[in-house]
Amino acid sequence: MKKYLSLLMVALLAMFSFSACDVETDEEPGGTNVEKMAGQWDVTVDAVDETGKVIYTDPYGLGTITLMTYNTAANTSNEMWISDNTNFWDFVMKVAVDYNNRSFSAAEAIYKAGGEGKAVITNGKVLEGKATNLHGMPNDSIVFDIKFSDDNNGLIYRISGQRYTGFYE
């Protein structure tokens, strides 16, 4: 009798475990509201003057660094986060987005937790298909100017590069 009860319990458990995964929803998976501007970017940092002319190429000898852009928790199309992943100035800040023009900016935004520093971002753009990777394929590019309130040199930095493709470049 114990044997039959055990088999019955195992059969019931198996039946419920298979039927428990049969939930249907009307939700369609999709991207975020800044999907075409979000991503991982391989960028370089140069110092520019007020006219945009490069005055120092890679002033800190960083080479290519990783930059991230991603949606906010509100998932709106008019703002996103931008972060240098502690590779340059250790900034994480929210920027205003014009999604239709693929542009972004920030006017004196706090870029560190606790408000230690402020930064201004101007001329921010994501240009779809305007870069070319080493294999000759079109790729998205990003470019913006940023100035930090706590920069003793008072420089304006131009950060530019292209979307990370996952392939070795």
Side-chain angles (χ1 to χ4, degrees), residues 27-50 52-54 56-151 153-169:
E27 299 274 332
E28 289 293 323
T32 67
N33 286 328
V34 291
E35 179 176 12
K36 293 187 178 186
M37 295 178 72
Q40 180 176 333
W41 306 88
D42 294 326
V43 298
T44 57
V45 178
D46 296 321
V48 298
D49 62 16
E50 279 75 23
K53 180 182 174 193
V54 175
Y56 301 113
T57 302
D58 195 10
Y60 300 109
L62 301 172
T64 301
I65 63 170
T66 300
L67 181 85
M68 301 293 289
T69 55
Y70 47 94
N71 66 299
T72 62
N75 192 25
T76 62
S77 62
N78 62 353
E79 63 184 1
M80 72 178 176
W81 288 102
I82 187 165
S83 169
D84 72 345
N85 293 327
T86 70
N87 291 313
F88 170 49
W89 212 269
D90 192 14
F91 68 87
V92 177
M93 57 194 290
K94 196 182 292 187
V95 295
V97 169
D98 179 349
Y99 191 68
N100 292 329
N101 292 319
R102 305 291 191 262
S103 62
F104 59 94
S105 63
E108 283 234 321
I110 296 172
Y111 70 86
K112 285 186 178 180
E116 294 110 10
K118 293 184 180 178
V120 175
I121 289 182
T122 56
N123 306 317
K125 284 210 167 283
V126 171
L127 305 165
E128 295 180 60
K130 298 298 181 186
T132 304
N133 67 17
L134 290 178
H135 307 289
M137 299 302 295
N139 196 7
D140 297 344
S141 66
I142 190 170
V143 63
F144 63 95
D145 296 338
I146 188 167
K147 183 171 181 155
F148 299 98
S149 64
D150 57 352
D151 181 6
N153 298 319
L155 296 173
I156 300 169
Y157 300 98
R158 172 153 307 139
I159 298 178
S160 61
Q162 62 180 303
R163 190 179 299 276
Y164 174 72
T165 62
F167 296 105
Y168 291 109
E169 296 291 327

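For this chain, numbers begin at 1 and follow the sequence in order. FYI, side chains are in, hydrogens and waters are out, and symmetry mates aren't considered; it's all heavy atoms of this structure. It should be emphasised that the depicted structure is a prediction, and the values quoted were computed from it without experimental measurement.
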### Query
Should R158 and V45 count as side-chain neighbours, where that means a heavy-atom distance under 4.5 Å?
no
#### Entry: Heavy-atom donor-acceptor pair, D42 side chain to T66 backbone, under 3.5 Å
no
### Task
Could you pull out the closest heavy-atom pair between R102 and K36, with the gap in Å?
NH2-CD, 3.1 Å
### Message
Looking at N75, is its backbone amide N or carbonyl O close enough to the side chain of N71 to form a donor-acceptor pair, meaning the two atoms are under 3.5 Å apart?
### Response
no
### Task
Working to the nearest 0.5 Å, report the span between CE of M137 and OG1 of T165.
10.5 Å
### Message
Checking Y56 against Y157: is there a side-chain donor and acceptor pair closer than 3.5 Å?
### Response
no
### Query
Residues two or more places apart in sequence or in another chain: which of them pass side-chain contact (heavy atoms from CB on, under 4.5 Å) with T86?
D90
### Message
So which atom in D140 and which in A131 form the shortest heavy-atom distance, rounded to 0.1 Å?
### Response
O-CB, 4.1 Å
### Query
For the residue pair F144 and G124, what are the closest heavy atoms and their distance?
CB-CA, 3.5 Å
### Query
Just how far is it from atom CG of N153 to atom CG of L155, taken to the nearest 0.5 Å?
5.0 Å
### Task
For the residue pair M93 and I121, establish whether any side-chain heavy-atom pair is separated by less than 4.5 Å.
yes
### Task
To the nearest 0.5 Å, tell me how far K147 NZ sits from K118 NZ.
15.0 Å
## Note on the structure
Residue set satisfying side chain to side chain donor-acceptor pair (under 3.5 Å) with D49, at least two apart, ordered chain then number -> T51
### Task
Measure the spacing between OG1 of T44 and CD of Q162 and express it to the nearest 0.5 Å.
10.5 Å
### Message
What verdict does the side-chain contact (heavy atoms from CB on, under 4.5 Å) test give for K125 and I142, after you've listed the backbone C-alpha separation in whole Å, the side-chain angles of each residue and the deciding distance to 0.1 Å?
### Response
CA-CA 6 Å; K125 284 210 167 283; I142 190 170; over 6 Å; no
#### Entry: N85 side chain vs L67 backbone, donor-acceptor pair below 3.5 Å
no
### Message
With no hydrogens and no angle check, just 3.5 Å: does a side-chain donor-acceptor pair link D145 and N123?
### Response
yes
#### Entry: Donor-acceptor side-chain pairing of S103 and N101 below 3.5 angstrom
no
### Message
One pair to check against side-chain contact (heavy atoms from CB on, under 4.5 Å): S141 and L127. What are the steps and the verdict?
### Response
CA-CA 5 Å; S141 66; L127 305 165; 3.4 Å; yes
### Query
Does a side chain donor of either W81 or T69 reach within less than 3.5 Å of an acceptor in the other side chain?
no
### Task
Grab the two heavy atoms, one from V34 and one from Y99, that are nearest each other, plus how far apart they are.
CA-CE1, 3.5 Å
### Message
To check you understand the geometry: which heavy-atom pair defines the closest contact between D58 and G63, and what is its length?
### Response
OD2-N, 2.9 Å
### Query
When rounded to the nearest 0.5 angstrom, what is the spacing between CE in M37 and OG in S77?
10.0 Å
### Query
To the nearest 0.5 Å, how far apart are OG in S149 and CD in E108?
7.0 Å
### Message
Using 30° and 60° as the class boundaries, would you call the ring planes of F88 and F148 parallel, tilted or perpendicular?
### Response
perpendicular
### Message
If you compare all heavy atoms of W89 against all heavy atoms of D84, which two are closest, and at what distance to 0.1 Å?
### Response
N-OD2, 2.7 Å
### Message
Are the side chains of W41 and M68 in contact, using a 4.5 Å heavy-atom criterion?
### Response
no
### Task
Start with the C-alpha gap between I82 and F104, add the side-chain angles, then the distance that decides, and say whether side-chain contact (heavy atoms from CB on, under 4.5 Å) holds.
CA-CA 10 Å; I82 187 165; F104 59 94; 4.0 Å; yes
